[in-house]
Amino acid sequence: MSVSIGQTPLIRVVSHSLHINAITVTSPHSISKRFPFIFSLHRSTTATPPPNLRAVRRRSSSSSSASTMSYDRQLAAAKKAASLASRLCQKVQKALLQSDVQSKSDKSPVTVADYGSQALVSLVLGKELPSFPFSLVAEEDSEDLRKEESRETLHRITELVNETLASDGTIDISPLSEEDVLKAIDNGKSEGGPHGQHWVLDPIDGTKGFVRGDQYAIALGLLDEGKVVLGVLACPNLPMASDEKKGCLFYAQIDAGTYVQSLDGSPPTKVHVSTIENPEEASFFESYEAAHSLHELSSSIAKKLGVKAPPVRIDSQAKYGALSRGDGAIYLRFPHKGYREKIWDHAAGYMVVAEAGGVVTDAGGNPLDFSKGRYLDLDTGIIVTNKKLMPALLKAVQDSIHERSSSL
Ligand SMILES: Nc1ncnc2c1ncn2[C@@H]1O[C@H](COP(=O)(O)O)[C@@H](OP(=O)(O)O)[C@H]1O
Ligand SMILES: [Mg+2]
Ligand SMILES: [Mg+2]
Ligand SMILES: [Mg+2]
């Protein structure tokens with residue numbers, strides 16, 4: 001079966017589940033209610049974009065007196081970098097060849113687009129912010145790419161990066177060599193930490209979704225003295241709610257709200273998380289990949305809360321973006337035992353949701369601490385919702401975890 005809007009088939013039924021541009025749910029029930037971001041106007045208000053040079057509060061963990069500081073210049077550079085990277089990724093996803101997929105030592109798929117995106121973001125930030133100290137904590141490194149068997153891949157990545165820069169035309173970098181690209185990728189080796197400013201980059205979050213042709217995100221955050229102060233999420237396959245056009249750019253700066261605009265540059269719209277207070281009306285997001293999050297635990301939490309809708313499974317931090325504009329009310333993430341979450345999988349998404357009025361904590365109700373280096377130190381999992389629903393959600397999470405551990 002397929003359902004179309006215009007020429008674009010949006011839904012196809014795949015083995016008893018609905019598959020909507022990467023979103024799989026378990027039963028064909030009230031599609032328009034469950035996917036407001038595709039089928040109807042979302043709950044956001046149009047607003048003027050934040051003025052340039054607006055002073056925002058900067059919270060410093062090392063000083064009790066808060067100073068005022070704007071991150072407008074970093075935000076503009078981050079938006080430009082993420083938009084360009086998403087152009088590169090879209091090109092690769094369209095023509096994704098099996099040879100573009102490599103296996104890193106941890107066996108996760110990594111594509112030419114992951115490397116190309118990281119190189120581009122690193123180069124664009126450096127070029128746009130020459131007077132700022134540069135430190136980047138990013139997922140990929142060049143070790144595998146420097147091997148003899150990766151010669152062709154490196155050539156392809158260098159070509160893609162050069163083509164993307166040339167297509168933009170505003171960044172004055174003469175054609176880059178393969179070594180320039182390797183160096184740009186390795187600029188992401190910073191350890192982050194509680195002092196100074198550090199960019200935090202996931203060049204493609206949701207690589208598995210990307211390879212499947214589904215959702216993914218380019219996620220870029222900025223830490224200042226251990227706190228996230230801005231976040232940009234480019235989600236090339238997520239439809240803009242109002243007109244079903246695909247390609248969203250979410251961005252947020254501390255104390256300045258969250259905005260979304262289309263990746264091709266529509267005026268920004270201010271967004272807010274869902275105001276639902278009754279869990280029966282809430283829907284929840286979780287990873288598409290069962291290996292990334294315990295689906296049975298989410299389902300027991302949802303049952304306890306009285307959530308009626310089945311889970312919306314979607315790859316990447318597009319979940320945080322969708323939540324920030326009220327597409328769903330809850331995001332549950334419970335990695336299998338022993339998995340350590342990385343800061344680049346959450347920094348940008350956290351900021352986008354927090355500035356849209358949402359709350360992000362670990363399963364113990366503690367705020368996420370991005371100051372500890374490349375990893376997050378967590379109690380069990382990550383939960384996200386609005387302020388009204390959080391107390392009931394936290395109780396359901398803790399009860400379910402307790403029941404699960406006593407039954408193991
Ligand atoms: N076993 C595991 N448990 C939890 N998360 C995992 C995991 N293996 C990989 N991941 C992380 O899950 C991210 C994708 O999240 P999601 O499931 O929300 O799409 C991956 O990001 P990358 O795709 O950037 O590697 C990866 O960092
Ligand atoms: Mg990865
Ligand atoms: Mg990731
Ligand atoms: Mg990644």
Side-chain angles (χ1 to χ4, degrees), residues 21-24 82 85-86 88-89 92-93 96 100-122 136-141 143-145 185 188 199-221 233-238 284-298 311-323 328 330-350 352-353 360 362-363 368 374-376 378 380-384:
N21 287 341
I23 300 149
T24 298
S86 71
L88 181 150
C89 296
V92 176
Q93 197 186 44
L96 192 65
D100 286 331
V101 184
Q102 302 209 325
S103 193
K104 283 198 298 188
S105 47
D106 65 358
K107 299 280 182 258
S108 63
V110 60
T111 69
V112 290
D114 297 66
Y115 290 123
S117 168
Q118 182 157 323
L120 259 185
V121 171
S122 162
L136 174 65
V137 184
E139 182 181 3
E140 310 301 343
D141 66 58
E143 194 186 332
D144 290 345
L145 270 186
I185 292 170
W199 291 103
V200 181
L201 170 68
D202 196 332
I204 292 189
D205 184 41
T207 306
K208 287 188 172 161
F210 178 81
V211 171
R212 259 190 263 110
D214 289 343
Q215 295 296 332
Y216 65 98
I218 292 96
L220 180 58
L233 275 184
C235 304
N237 284 341
L238 194 68
F284 75 93
F285 292 117
E286 64 182 347
S287 286
Y288 180 94
E289 298 285 337
H292 295 178
S293 190
L294 295 161
H295 288 170
E296 70 278 10
L297 183 54
S298 311
V312 178
R313 295 188 177 139
I314 166 169
D315 298 283
S316 84
Q317 287 171 68
K319 290 187 276 297
Y320 284 108
L323 205 117
I330 298 169
Y331 169 22
L332 299 172
R333 184 180 189 89
F334 299 102
H336 292 257
K337 207 171 162 39
Y339 182 79
R340 290 179 78 195
E341 293 278 7
K342 282 68 153 218
I343 58 171
W344 54 76
D345 278 323
H346 301 283
Y350 155 78
V352 161
V353 163
V360 183
D362 71 10
L368 305 190
R374 292 170 75 87
Y375 292 94
L376 283 169
L378 287 178
T380 315
I382 294 178
I383 60 177
V384 188

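In each ligand, atom 1 is the first atom listed, and ligand 1 is the first ligand listed. Remember, it's a predicted structure, so these values are computed and weren't measured experimentally.
- On a distance-only criterion, Tyr288 and ligand 1 share no N/O pair closer than 3.5 Å.
- Heavy atoms of Asp205 found under 4.0 angstrom from ligand 1 belong to the backbone as well as the side chain.
- Nearest heavy-atom pair, Ser117 versus Leu88, reported as atom, atom and distance to 0.1 Å: N-CD2, 4.1 Å.
- A donor-acceptor contact closer than 3.5 angstrom links the side chains of Ser298 and Glu286.
- Residue contacts with ligand 1, taken as heavy atom pairs separated by less than 4.0 Å, involve Lys319 solely via side-chain atoms from C-beta onward.
- Looking at Glu341 against ligand 1, nothing comes within 4.0 Å, counting heavy atoms.
- Numbered from 1 in the order shown, with element, the atoms of ligand 1 that lie under 4.0 Å from a heavy atom of Ala291 read 1 (N), 2 (C), 3 (N).
- Neither the backbone nor the side chain of Ser293 has any atom closer than 4.0 Å to an atom of ligand 1 (non-hydrogen atoms only).
- Residue contacts with ligand 1, taken as heavy atom pairs separated by less than 4.0 Å, involve His292 via backbone and side-chain atoms alike.
- Here the OG1-CZ distance, from Thr380 to Arg333, works out to 14.0 Å after rounding to the nearest 0.5 Å.
- Between Ile204 and ligand 1, a contact under 3.5 Å exists for at least one N or O pair.
- The name of the N, O or S atom in Glu139 nearest to the Mg ion (ligand 2) is OE2.
- Of the heavy atoms in His336, none comes closer than 4.0 Å to ligand 1.
- The name of the N, O or S atom in Asp202 nearest to the Mg ion (ligand 4) is OD1.
- The N/O atoms of Glu289, backbone and side chain alike, include none that comes under 3.5 Å of an N/O atom in ligand 1.
- From Tyr216, atom OH reaches atom CD of Gln93 across 5.0 Å, with rounding to the nearest 0.5 Å.
- If you look at Asp202 next to ligand 1, the close heavy atoms, those under 4.0 Å, all belong to the side chain.
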